[in-house]
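Have a look at the structure below, then the notes.
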Number of protein chains: 2
Amino acid sequence: MGTSSFTCAAIRDGSMISFNSPRRNESGSDRERLPNTSYAVLGMLSFGDELSGYQLKKRADNLRFFYWSPAHSQIYAELRRLEKLGYVTHREVRQVRRPDKRVYRITDAGQDVFETWMNESPVEPVSLKHSVVLRLFFGHVADPDRLREVLADYAEQVSEVIEDLQGISDEISESDQFFYPAVVAEWGIGYYEAERRAALRAIERLDERPEGLTGEDDADTA
Amino acid sequence: MGTSSFTCAAIRDGSMISFNSPRRNESGSDRERLPNTSYAVLGMLSFGDELSGYQLKKRADNLRFFYWSPAHSQIYAELRRLEKLGYVTHREVRQVRRPDKRVYRITDAGQDVFETWMNESPVEPVSLKHSVVLRLFFGHVADPDRLREVLADYAEQVSEVIEDLQGISDEISESDQFFYPAVVAEWGIGYYEAERRAALRAIERLDERPEGLTGEDDADTA
DNA sequence: ATATGCATGTAATGGGTTACATGATTGT
DNA sequence: ACAATCATGTAACCCATTACATGCATAT
């Protein structure tokens with residue numbers, strides 16, 4: 001899966017390169033490798049405008065459909081880290097009838113590492129924690145009716161998400177400015193529609209199942 | 001978000017009291033609330049058989065399609081915790097030409113909390129970190145060809161997952177013993193097929209886009 | 001009056017990973 | 001000989017959350 005074979009080939013006298021370095025290479029050769037959250041923050045600043053931590057948090061919430069939303073304290077911590085690395089700068093903005101704020105802007109170095117990440121970082125699989133499916137997997141110890149209820153609830157929740165996304169999609173799909181977000185919104189709609197179908201299909205399968213076989217495998221056979 | 005307003009009101013000379021206890025209620029009233037990972041481990045033991053940490057880790061890997069796989073060290077730590085809580089017990093198994101092992105079994109108390117979790121815990125939304133979609137979202141700073149490549153790579157990876165799941169599904173869908181896992185496998189297939197479609201569709205949209213509008217919004221306008 | 005939004009942070013804790021460590025056995 | 005599988009664990013670290021903390025402005 002050719003991640004970047006020629007990039008590697010370009011490396012000649014591999015004095016250190018510490019390739020696949022465990023972590024902590026004080027020599028500072030290979031770019032510190034940040035967690036994805038840092039790149040999410042950097043990405044939100046990559047549009048070029050100045051944002052406060054507070055605004056950033058709200059923007060980050062827009063990613064919630066495909067990326068989790070970090071806590072605000074995490075955002076602030078991230079900003080301080082990025083600043084120490086020289087990837088963002090801030091300036092204080094005095095306000096009259098509002099608390100003062102600190103707005104951040106991405107630096108050239110920041111734009112640089114972000115671009116590098118965008119173009120060079122390997123394709124990772126999704127990391128998901130699907131607690132509903134987890135429960136379904138262990139269905140043998142659940143009350144069958146409750147399990148159906150859980151699935152129906154989930155389908156319901158998902159429907160709301162679809163509506164939200166549909167709304168967002170309608171808003172932004174006109175303007176070319178939001179081309180990529182619009183593509184993402186379409187992805188999201190397809191994603192959650194599939195989730196809805198899957199949940200409903202699972203309920204069907206539970207219903208189809210002949211009675212008398214429902215759960216409690218080893219309640220008395222143990 | 002009424003945390004506990006009258007608790008506060010009751011405090012007069014607030015010497016300590018550590019009011020509205022952040023967590024850790026030693027009085028043991030409300031069941032400790034474990035992280036989902038604990039329930040995943042408990043769930044894998046809920047079939048009634050004895051398992052070593054090593055075996056457990058391998059079983060946990062089967063959940064990887066819809067739940068992430070914890071590191072082995074995490075499994076061991078989890079088992080020790082659950083044992084301290086009385087939800088599992090272990091016994092040492094001497095082996096001749098293999099390292100000795102420690103096999104764990106769920107207790108009645110453990111089965112109990114697990115059932116309670118299965119039936120009572122609220123329906124949580126999926127938590128996903130989709131780094132590929134994250135990159136797509138910030139497509140304006142990516143090299144358009146590389147972005148397409150990333151999406152194609154992802155679609156390819158997903159195809160392999162589908163094949164894996166198809167294989168598993170074929171194996172288990174015969175036996176009624178694996179009813180729930182089979183339902184989950186079907187869910188998974190639908191899920192990853194949707195992912196594949198979404199990735200392919202996104203490539204299409206990138207292709208459809210008129211030239212000259214690709215990325216680099218503020219490369220020179222800054 | 002009370003809640004909500006704006007705005008920024010610290011402290012404590014927890015969940016989880018990676019690397020380090022050990023050591024025998026089996027397959028190539 | 002070398003790698004992989006079996007088997008269990010510790011140490012260090014870091015990412016992230018929750019709760020604590022403050023304070024003004026506006027809307028209800």
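Naming convention: chains lettered A, B, ... in sequence-line order (proteins, then strands); numbering from 1 in each chain.
- In this entry the distance linking CG of A:Leu56 with C1' of C:dG9 reads 15 Å, nearest Å.
- At the heavy-atom level, B:Ser38 lies nowhere under 4.0 Å from the strands shown.
- Listed pair A:Thr37 / D:dC15 fails the phosphate criterion, with no side-chain N or O lying under 4.0 Å from OP1 or OP2.
- Look at CD on B:Gln55: it is 13 Å from C1' on D:dT5, rounded to the nearest Å.
- Between the P atom of C:dT10 and the CG atom of A:Leu79 lies a distance of 12 Å, rounded to the nearest Å.
- To the nearest angstrom, P of D:dC6 lies 19 Å from CD of B:Glu92.
- The shortest distance between the side-chain N/O atoms of B:Tyr76 and the OP1/OP2 oxygens of D:dT8 is below 4.0 Å.
- Here C:dG16 presents its C1' atom at 11 Å from CZ of B:Arg81, a figure rounded to the nearest Å.
- Rounded to whole Å, atom P of D:dT8 lies 13 Å from atom CD of B:Glu83.
- Distances shorter than 4.0 Å separate none of the side-chain N or O atoms of A:Trp68 from OP1 or OP2 on D:dA16.
- Taking 3.5 Å as the limit, the base of C:dT18 and the side chain of B:Ser73 contain a donor-acceptor pair of atoms between them.
- A distance-only check finds no donor-acceptor pair linking the side chain of A:Ser38 to the backbone of A:Leu34 [under 3.5 Å].
- Between A:Phe114 and B:Phe138, the angle of the ring planes goes over 60°, which puts this pair in the perpendicular group of the 30/60° scheme.
- Each of B:Pro70 and A:His72 was matched to the nucleotide of DNA chain C holding its nearest heavy atom; the match closer to the 5' end belongs to A:His72.
- Taking only side-chain nitrogens and oxygens, B:Arg80 comes nearer than 4.0 Å to OP1 or OP2 of D:dT10.
- Here A:Phe179 and B:His140 keep their ring centres 6.0 angstrom or further from each other.
- Distance, B:Lys129 NZ to D:dC15 C1': 8 Å, rounded to whole Å.
- Checked for salt-bridge contact, B:Glu78 and B:Arg81 meet the test: a charged N lies under 4.0 Å from a carboxylate O.
- Of the candidates C:dA19, C:dG9, D:dT8, D:dT8 carries the atom nearest the B:Tyr54 side chain, counting heavy atoms from C-beta on.
- If you take CD on A:Glu195 and OH on A:Tyr192, they are separated by 8.0 Å, rounding to the nearest 0.5 Å.
- Checked against C:dG16, C:dT8, C:dC6, the side chain of A:Lys58 finds its nearest nucleotide in C:dC6.
- Residue A:Arg102 has its side chain nearest to C:dG9 when only D:dA16, C:dA7, C:dG9 are considered.
- Separating the CD atom of A:Gln74 from the C1' atom of C:dG14 is a distance of 14 Å, rounded to the nearest angstrom.
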